[in-house]
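Below is one structure, written out as structure tokens, with a few remarks after it.
A, B, ... follow the sequence lines: proteins, then strands. Residue 1 opens every chain. Values below: all heavy atoms of this structure, side chains included; hydrogens, waters and symmetry mates excluded. Everything numeric in this text was worked out from a predicted model, so none of it was measured.
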There are 2 protein chains.
Amino acid sequence: VNARIIAVLIGICLSALVNAAEKPLTMADLLAKSQASDWREPEAENTLYMELATGRVIVELAPEFAPKHVANVKALAREKYFDALSILRVQDNYVTQWGDPNAEKNPDRARKIKNAKKTLTPEFEREIDSKMEFTRLADGDLYAPEVGHWRGMPVARDPKSGKMWLAHCYGMVGAGRDVAPDSGGGAELYAVIGHAPRHLDRNVTLIGRVIKGIELLSALPRGPAPMGFYEKPDQLITIKNVRVAADLPSEQRTKIEVMRTDTPLFQQLIEVRRNRRDEWYVRPAGKIEIGNVPIPVRMK
Amino acid sequence: VNARIIAVLIGICLSALVNAAEKPLTMADLLAKSQASDWREPEAENTLYMELATGRVIVELAPEFAPKHVANVKALAREKYFDALSILRVQDNYVTQWGDPNAEKNPDRARKIKNAKKTLTPEFEREIDSKMEFTRLADGDLYAPEVGHWRGMPVARDPKSGKMWLAHCYGMVGAGRDVAPDSGGGAELYAVIGHAPRHLDRNVTLIGRVIKGIELLSALPRGPAPMGFYEKPDQLITIKNVRVAADLPSEQRTKIEVMRTDTPLFQQLIEVRRNRRDEWYVRPAGKIEIGNVPIPVRMK
């Protein structure tokens, strides 16, 4: 009997092995086997909704990296600063930018900032805090000594300087500025819609990441003027409004969850993306760049 | 007198130095000082025009990397295979893909391939040829032992295996395939419209690069079905036709020039992009990833 049990067990093991060899895990498998604890709800107080005629763009804010800018953008949203302002610029393979079309051209007619600050000192980097989660990528990075994820956001670190900063990957949102580093404040924002322009890292303050609706910004007509600016008033795309999610009644909030990036499941996700073994692939890359790591979201 | 001349010369040198320190070279400066010999005209025989209602997409082909696929795509264009076919798929931050909407769903009604081949063996990589120009990037690459440019195209190399291959950077064009590596042939093509999906390198055959008009592919509505496929016939975007430039009369060809990538000027361009010293930048990156190197074009 013992011999038969052992034989059966060996059989089960063998078939599991064969099965594993035949059907390696994919991201879809990981999503299917994910538990409630693998997901988190973004804080409503740190979530922005930008409403366009085409739908809602949802930005998760990162006050841990840019506390002053995040507070100021929320103050701007709360004084309805962005309502009926415009998308001003769409530069192919680079950024979509929004704000007040009159800000520079017709300062007299520009939207007035009431309670929020007009400009802020930059928040290009911050101290590394070892208590903050950081899921480091094994394959390194061309631009920084270390990269990884903190709460779904791409983060670069330099242990030597003791600093860390958000990295300009697809969907990241920043506060535009003029030549002076302290000339931005969040009244003009941009989202990355192309190959990660990492040379912008630590040159401009990032405030968060688009977690839903990036295609409402990335599929817009490119502006004809240099740097993708729209030339004529009728090219501008109107922003209905920008709101802090916490200020909306619960039924008007989007019930979204973002995959946690401090879990064994996320480590597995990185691995199945480093080595794509879906049957279509003949040669897994064996590496992954931070710009190619997806952060899944799901509707509750 | 000699002392005065020396003093004047020193003065000139100093002011030049100060000037250089104040106004470092930018890409615009390099373009302005470029000579005719810094530019080249793509060969008409290896240039494709895809005509959309919104304009012309120009693809420079790379027969040196994918001779069979390039020949076949030209044969398909010459038998008017692509005329009135469609853009089928636009997946955000990934690819725009075009071909025959009936190919899989209604094979009976699918466009017939006359003289061209239906499928080809893959051309994922080729032997390194030291006689071919290769302007290697100093900062390396996460995915390959070496990367650089050959005639305006991003190329990866592995000296150990003796192989090189085109790299999936923004604007690169490839021949879609099914699960079998030899199931593609160029009847379905795609262009990269997002962060370089380098994990596709050597998994699918690249045939060239969009040198003009990528925004006609990247700003299209994203498809609603999984992987960005359009769901309904009226979402499909019609391709007027695809032609080899050499088959059009000279006056119908676009007079375009691409910057040569085997010149001292291009080396300078890489350097001014590795270290952006335009006055806006406060911290030059000191590095550049192949996906961030621009290849300028100009109209003649």
query = Are B:Asp92 and B:Arg222 ion-paired here, with the side-chain N under 4.0 Å from a carboxylate O?
reply =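 Between B:Arg222 and B:Asp92 there is a salt bridge, with a charged N closer than 4.0 Å to a carboxylate O.
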Would you mind checking which part of [X] comes under 4.5 Å of any heavy atom in chain A, side chain (CB onward), backbone (N, CA, C, O), both or neither?
X	value
B:Leu220	backbone
B:Asn275	neither
B:Ile288	both
B:Tyr281	both
B:Asp178	backbone
B:Ala285	side chain

query = Which one, A:Val90, A:Asp139, A:Leu216, leads in non-hydrogen pairs under 4.5 Å with chain B?
reply =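 The residue among A:Val90, A:Asp139, A:Leu216 with the greatest pair count is A:Asp139.
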request  = Flag the one option from A:Arg177, A:Arg276, A:Glu279, A:Arg198 with the top tally of heavy-atom pairs under 4.5 Å to chain B.
outcome  =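 It is A:Arg177.
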task = Check for a donor-acceptor pair, side chain of A:Asp201 on one end and backbone N or O of A:His168 on the other, with a separation under 3.5 Å.
result =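 Indeed, once roles are kept as given, a pair shorter than 3.5 Å links the two residues.
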query = Is the backbone N or O of A:Lys68 less than 3.5 Å from a side-chain atom of A:Glu123, with the two atoms forming a donor-acceptor pair by type?
reply =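 Yes, the answer is positive, given that a donor and an acceptor are paired below the 3.5 Å cut-off.
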Leading residue by heavy atom contact count with chain A [cutoff under 4.5 Å; candidates [options]]:
options	value
B:Lys287, B:Arg273, B:His199, B:Glu289	B:Glu289
B:Asn292, B:Val179, B:Val282	B:Asn292
B:Pro197, B:Ala196, B:Cys169, B:Gly140	B:Ala196

key: Parallel, tilted or perpendicular: ring planes of A:His149 versus A:Phe266, cut at 30 and 60 degrees   =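 Perpendicular.
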Report yes if some heavy atom in the side chain of [X] is under 4.5 Å from a heavy atom in the side chain of [Y]; otherwise report no.
X	Y	answer
A:Pro284	A:Arg277	yes
B:Leu217	B:Leu52	yes
A:Glu231	A:Phe229	no

ask   = Stepwise, does the side-chain hydrogen bond (donor to acceptor under 3.5 Å, both in side chains) test hold for B:Asn93 with B:His195?
value = CA-CA 6 Å; B:Asn93 192 21; B:His195 188 84; 5.9 Å; no
